Amino acid sequence: MEAQAQGLLESEPLQGRDEDAVASADFSSMLSEEEKEELRAELVQLEDEITTLRQVLSAKERHLVEIKQKLGMNLMNELKQNFSKSWHDMQTTTAYKKTHETLSHAGQKATAAFSNVGTAISKKFGDMRYSIRHSISMPAMRRK
């Protein structure tokens, strides 16, 4: 008996097959004519309320568009604002800050390395230029 009672008191939501079983069940035979009339009246009232809510929502959406137009807000401006806000939000994240710091440090190291390579190459060219000038100025070196 307790197993049956437990099954009736399940707290889990209905699953797809359970919903199908409930939807296909005919409860009308279990209801009195008075209960059926009350449910029909409630159904009509709910449908009317839903229609009214849709109309109110539509009117509010139109009003929203009008206000945005008066303020000069359009889709492009909104996209720009959203992008700017998202970009700002991303820049304030810890991950972005750490990545920015790491890449900045790596860029400084790369700049220093390229500078050192450039200096070394310039020095080699300078040495080669000196060597060529020196060999041109010495006649003994030209004859060999």
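Bear in mind that the values here come from a model prediction, so they are computed numbers and not experimental data. The figures here come from the full heavy-atom set of this structure, side chains too, leaving out hydrogens, waters and symmetry mates.
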Could you tell me which residues satisfy side chain to side chain contact (heavy atoms under 4.5 Å, CB included) with [X], sequence neighbours excluded, listed by chain and number?
{"X": "Gln91", "result": "Trp87, Tyr96"}
{"X": "Ser32", "result": "Glu34, Glu35"}
{"X": "Leu79", "result": "Leu75"}

Could you state the interatomic distance from CE (Met90) to CZ (Phe83), rounded to the nearest 0.5 Å?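 Here the interatomic distance stands at 8.0 Å.
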Just to verify, what does [X] make a salt bridge (Lys or Arg N to Asp or Glu O under 4.0 Å) with, not counting sequence neighbours?
{"X": "Lys97", "value": "none"}
{"X": "Glu33", "value": "Lys36"}
{"X": "Asp89", "value": "Lys85"}

If we only count heavy atoms from C-beta on, is the Thr119 to Lys123 side-chain gap below 4.5 Å?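 No, their side chains stay 4.5 Å or more apart.
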Does atom CE of Met30 have more than 12 heavy-atom neighbours from other groups under 6.0 Å away?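 Counting other residues, nucleotides and ligands, CE of Met30 stays at 12 neighbours or fewer.
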If you look only at distance, which donor and acceptor atoms sit under 3.5 Å apart when one is on a side chain in residues 54-64 and the other is two or more places apart or in another chain?
{"unit_1": "Ser58", "atom_1": "OG", "unit_2": "Arg62", "atom_2": "NH1", "d": "2.9"}

List in chain and number order the residues that pass side chain to side chain donor-acceptor pair (under 3.5 Å) with Gln69, two or more places apart in sequence or in another chain; answer none if no residue qualifies.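 With neighbours one apart ignored, the set is empty.
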Which residues share a side chain to side chain donor-acceptor pair (under 3.5 Å) with Arg40, sequence neighbours left out: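 So Arg40 forms a side chain to side chain donor-acceptor pair (under 3.5 Å) with Glu37.
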Sequence neighbours excluded - salt bridge (charged side-chain N to carboxylate O under 4.0 Å, His left out) pairs with any residue from residues 63-75: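 Of all non-adjacent pairs touching residues 63-75, those that pass salt bridge (charged side-chain N to carboxylate O under 4.0 Å, His left out) are Lys68-Glu78.
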List, by chain and number, the other hydrophobic cluster members for Leu46, where Ile, Leu, Val, Met, Phe, Trp and Tyr join if side-chain heavy atoms come within less than 4.5 Å, directly or indirectly.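 Besides Leu46, the cluster holds no residue at all.
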Show every donor-acceptor pair shorter than 3.5 Å between a side-chain atom in residues 102-113 and any protein atom, with sequence neighbours excluded, or say none if there are none.
{"unit_1": "Thr102", "atom_1": "OG1", "unit_2": "Lys98", "atom_2": "O", "d": "2.9"}
{"unit_1": "Thr111", "atom_1": "OG1", "unit_2": "Gly107", "atom_2": "O", "d": "2.8"}

